[in-house]
Amino acid sequence: MRFYSVRFGCLLAFVCFVSLSWIKSIPHHEGSAIQLDLQTLYERLLAAEQLGVEVRKDLSNMLEELRNMSKAANNTHHTVNNTNDISTVTERRRQEHSDLHTQAILQPNIYAFLPHLAKHPESLTPNILLGQGRRGVSIVMGVPTVKREKESYLVSTLSSLLYSLTPSEKSDILIIIFVAESDLDYVRGVAEIISKNFPKDVQTGLLEVVAPSQYYYPNFTSLKETFGDSKDRVKWRTKQNLDFSFLMLYAQDKGTYYVQLEDDVVAKSDYLSTMKNFADKETSKDLLYLEFSQLGFIGKMFRTRDLPMISEFFLMFHRDKPIDWLLDHILWVKACNPEKDAKDCNTQKELLKKRYKPSLFQHVGVHSSLSGKLQPLKDKDFGTQALFRAHKNPPAELSTSLIHYQQHSLDRAYGGVDFFWATAPIKNDYILFNFSLPINITRYLFRSGSIEKSGDKLYNTTVEVLPGNAFAKGQIKSVDGLTSPYQQSDKGFTVVGAFENGLAEGEIEESLRPISALRLVVHSHAAVWALLSEVRHECVCSYVCSPL
């Protein structure tokens, strides 16, 4: 279009030039007539020129409109067929910029470290097999357990943890057993074993059994072998990081402190009260954790409010290093100045942790959870374990049908200088405490088994008392009677309790007191020996009771 308008202009200029040349060649006498014609021609040329300007302007506007239409058509075509078109990207960026005023910054989450979990929304939902949802306790203890090729120590470990707890302590603790396996049949089997061995503690919510989703663990085949470790060892330590992280995240809202354990340890008899007292004393200090064992990750106590940060750090580097190394790296990040030397770094790290001595937990497992690995580690600071607990009991005449082993007699156990250890009981075996005069005993406690001999417990054994006056005897009837809920035994004795998981404790109602005798009666043959590690009779009077 522009080419035609230029050519039209040139044509008008040429016509003007020819006309002027022609006018000059005409004789003068014809000037007047010709001048009139020229005036007319000039006016027409001006009109034509003006018309040409307008036409040129119109043509230019039309050309510009055609260009715009062509560009718009091309943009539409590219938007449909090419998502990377510049105009589309520009618009998208403009929209994103606008959205910045309404969208929050994306926060990191567990899917950033374990992206495979995003494929299964239920992958982070714990599989709770046993539990009552207990919360608000002082101490939560995490015990991860896995399938072992040789020997399982789990029941012994739980027996040790529960062995010496008082009723008030049992109400202020939660023990979480994390079965770190995706084999649901195995997980259910562990839950059944715990229910069978610790029914009362499961019922009260003291013990919980949880397991991960089958989708929780990633594909371990892509792990890099580092630090000279074999592929199996790298997988083992990586899975352990994931197991401990899961436990911490599950436990973070259930108590004040969290203690990490393993499934092959024993605990000292007063471990819980010792930990609580030590933690309460150090609570005002800026500490990351307390240590109650020097071995690996055993006995590490954290504030539950710190667990999200700690578990996130473990998850971030779960493929890279073992769990105890990662914990040390958290200390380094928090305490160490890169511009100072290693000695200063170690000094600063020590300010974020504190160790209690002697150790309260001892590692007893020989066969590691890593296949083929032997791990006979022992904590030298654990010292010797108390195998009995002494009490000053009221004078009594003692007798038993059980045969004690070596010096471990009933008299020594009742006097608080040893434990009673006898060969396997049979039906109708008994232990009798006979008082010379009726005595006002209000409460009893018998604990069988010990830290080292947790299996040598009394099973199917009742606690019975003999009321000391005729009135009390007259109030006791058979289990079908209406006067008392207690069952009457032979020779005037009344059943007031029984052993559960090796422990018998309870109160003696005032209607039965005073009592002339107390006895333990075995009602079936036992496959194991019997060990009494604690005998305690409490009275209305002070610590030492005298006959009334």
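The analysis underlying the following values was restricted to heavy atoms, covering all of them including side chains, and did not include hydrogens, waters or symmetry mates.
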Query raised in the report: Does L247 reach the side chain of Q260, with side-chain heavy atoms less than 4.5 Å apart?
Result: yes
Query raised in the report: Do you know the tightest heavy-atom contact between G142 and Y258?
Result: CA-OH, 3.6 Å
Query raised in the report: Have E534 and H391 got a donor and an acceptor in their side chains that come within less than 3.5 Å?
Result: yes
Query raised in the report: Any side-chain heavy atom of V210 within less than 4.5 Å of one from L129?
Result: no
**Report entry** Intermediate values then yes/no, side chain to side chain contact (heavy atoms under 4.5 Å, CB included), F361 and M275
**Finding:** CA-CA 11 Å; F361 303 97; M275 284 197 303; 3.9 Å; yes
**Report entry** Test item: M309 and K334 side chains (from C-beta on) under 4.5 Å apart, heavy atoms
**Finding:** yes
Query - Pairwise distance CZ(F292) to CG(L261) - rounded to 0.5 angstrom - result: 11.0 Å
Query raised in the report: Do F499 and H523 have ring centres separated by under 6.0 Å?
Result: no
Query raised in the report: Nearest heavy-atom pair of L162 and K170: which atoms, and what distance?
Result: O-CE, 4.2 Å
Requested in this report: Check for a donor-acceptor pair, side chain of S524 on one end and backbone N or O of N460 on the other, with a separation under 3.5 Å.
Outcome: no
**Report entry** K300 with D324: basic N within carboxylate O range, under 4.0 Å
**Finding:** no
Report task. For R237 and T226, run side chain to side chain donor-acceptor pair (under 3.5 Å): C-alpha distance rounded to whole Å, both residues' side-chain angles, the deciding distance at 0.1 Å, then the answer. Result -> CA-CA 11 Å; R237 77 185 194 210; T226 55; 2.5 Å; yes
Query raised in the report: So, the side chain of N393 versus the backbone of V535: is there a donor-acceptor pair under 3.5 Å, distance only?
Result: yes
Query raised in the report: Among side-chain atoms of D172 and S138, is any donor-acceptor pair under 3.5 angstrom?
Result: yes
Query raised in the report: Ignoring hydrogens and geometry, is there a side-chain-to-backbone donor-acceptor pair from R536 to K392 under 3.5 Å?
Result: no
Query raised in the report: Once you round to the nearest 0.5 Å, how far does CZ of R303 lie from CG of L288?
Result: 8.5 Å
Requested in this report: Any chance you could measure L206, atom CG, to I176, atom CD1, to the nearest 0.5 Å?
Outcome: 11.0 Å
Report task. Calculate, to the nearest 0.5 Å, the distance between atoms OG and CG belonging to S273 and L360 respectively. Result -> 9.0 Å
Query raised in the report: Centres of the F317 and W325 rings: under 6.0 Å?
Result: no
Report task. Check whether any side-chain N or O of E169 sits under 3.5 Å from a backbone N or O of T166 as a donor-acceptor pair, and report yes or no. Result -> yes
Report task. Scan K354, R355, K276 and name whichever one has a salt bridge (charged side-chain N to carboxylate O under 4.0 Å, His left out) with E282. Result -> K354
Report task. Start with the C-alpha distance between Q407 and D418, add both sets of side-chain angles, then the distance that settles side chain to side chain contact (heavy atoms under 4.5 Å, CB included), and finish with yes or no. Result -> CA-CA 9 Å; Q407 79 278 9; D418 199 358; 3.7 Å; yes
Query raised in the report: Do K457 and L531 have side chains that get closer than 4.5 Å, going by heavy atoms?
Result: no
Requested in this report: Please round to the nearest 0.5 Å and tell me the distance separating atom CG of L124 and atom CD1 of I110.
Outcome: 4.5 Å
**Report entry** Sequence neighbours excluded - side-chain hydrogen bond (donor to acceptor under 3.5 Å, both in side chains) pairs with any residue from residues 197-213
**Finding:** E208-Y250
Query raised in the report: Taking atom CG of L402 and atom CG of D429, what is their separation to the nearest 0.5 Å?
Result: 4.5 Å
Query raised in the report: Should the pair R443-E505 be classified as a salt bridge under the 4.0 Å nitrogen-to-oxygen rule?
Result: yes
Query raised in the report: Any salt bridge between K224 and D320, counting N to O under 4.0 Å?
Result: no
**Report entry** The single option from F314, F313, F297 passing ring-ring contact (aromatic ring centres under 6.0 Å, His included) against F244
**Finding:** F297
Query - Verdict with supporting geometry, V190 and E181, side chain to side chain contact (heavy atoms under 4.5 Å, CB included) - result: CA-CA 11 Å; V190 174; E181 298 287 350; over 6 Å; no
Query raised in the report: Hey, would you say the Y257 and F302 ring centroids sit under 6.0 Å apart?
Result: no
Report task. Check whether any side-chain N or O of N241 sits under 3.5 Å from a backbone N or O of K321 as a donor-acceptor pair, and report yes or no. Result -> yes
Query - Non-hydrogen side-chain atoms of V140 and Q252 separated by less than 4.5 Å - result: no
Query raised in the report: Among side-chain atoms of T238 and R233, is any donor-acceptor pair under 3.5 angstrom?
Result: no
Query - No-hydrogen, no-angle side-chain donor-acceptor test under 3.5 Å, D243 and Y217 - result: yes
Requested in this report: Give a yes or no answer on whether the side chain of S159 reaches the backbone of V155 with a donor-acceptor pair at less than 3.5 Å.
Outcome: yes
Requested in this report: Please name the pair of heavy atoms, one in L287 and one in L351, separated by the smallest distance, quoted to 0.1 Å.
Outcome: CD2-O, 3.2 Å
Query raised in the report: Okay, side chain of S448, backbone of L458: is any donor-acceptor separation there less than 3.5 Å?
Result: yes
**Report entry** Heavy-atom side-chain contact between Y271 and L161 under 4.5 Å
**Finding:** yes
Requested in this report: Looking only at non-hydrogen atoms, find the nearest pair between D263 and V146 and report the distance.
Outcome: OD2-N, 3.9 Å
Requested in this report: Of all the heavy-atom pairs spanning A530 and P425, show the shortest one and how long it is.
Outcome: CB-CG, 3.7 Å
Query raised in the report: Can the ring centroids of F419 and H408 be said to lie less than 6.0 angstrom from one another?
Result: yes
Report summary line: Tested for side chain to side chain contact (heavy atoms under 4.5 Å, CB included) against I298, the lone hit among Q362, E262, E291 is E262
Query raised in the report: Got a donor-acceptor contact below 3.5 angstrom from the T304 side chain to the G255 backbone?
Result: yes
Query raised in the report: Mind checking whether Y216 and F246 have parallel, tilted or perpendicular rings, split at 30° and 60°?
Result: perpendicular
Query raised in the report: Looking only at side chains, do N219 and H116 share a donor and an acceptor under 3.5 Å apart?
Result: no
Requested in this report: Side-chain contact test, heavy atoms from C-beta onward, threshold under 4.5 Å: evaluate it for D341 versus C345 and give yes or no.
Outcome: no
Query raised in the report: Is there a donor-acceptor contact under 3.5 Å from the side chain of S182 to the main chain of Q214?
Result: no
Requested in this report: Mind running side chain to side chain contact (heavy atoms under 4.5 Å, CB included) on K349 and C336 for me, showing each step along the way?
Outcome: CA-CA 7 Å; K349 287 194 296 184; C336 295; 3.9 Å; yes
Query raised in the report: Got a donor-acceptor contact below 3.5 angstrom from the H525 side chain to the K427 backbone?
Result: yes
Requested in this report: Mind listing the closest non-hydrogen atom pair of A267 and S160 along with its distance?
Outcome: N-OG, 2.6 Å
Query raised in the report: Can you tell me if NZ on K235 sees more than 12 non-hydrogen neighbours from other groups inside 6.0 Å?
Result: no
Query raised in the report: Y186 ring centre to K147 NZ or CZ under 6.0 Å, with the angle to the axis within 45°?
Result: yes
Query raised in the report: Is E122 close to Y215 at the side-chain level, that is, under 4.5 Å between some pair of heavy atoms?
Result: yes
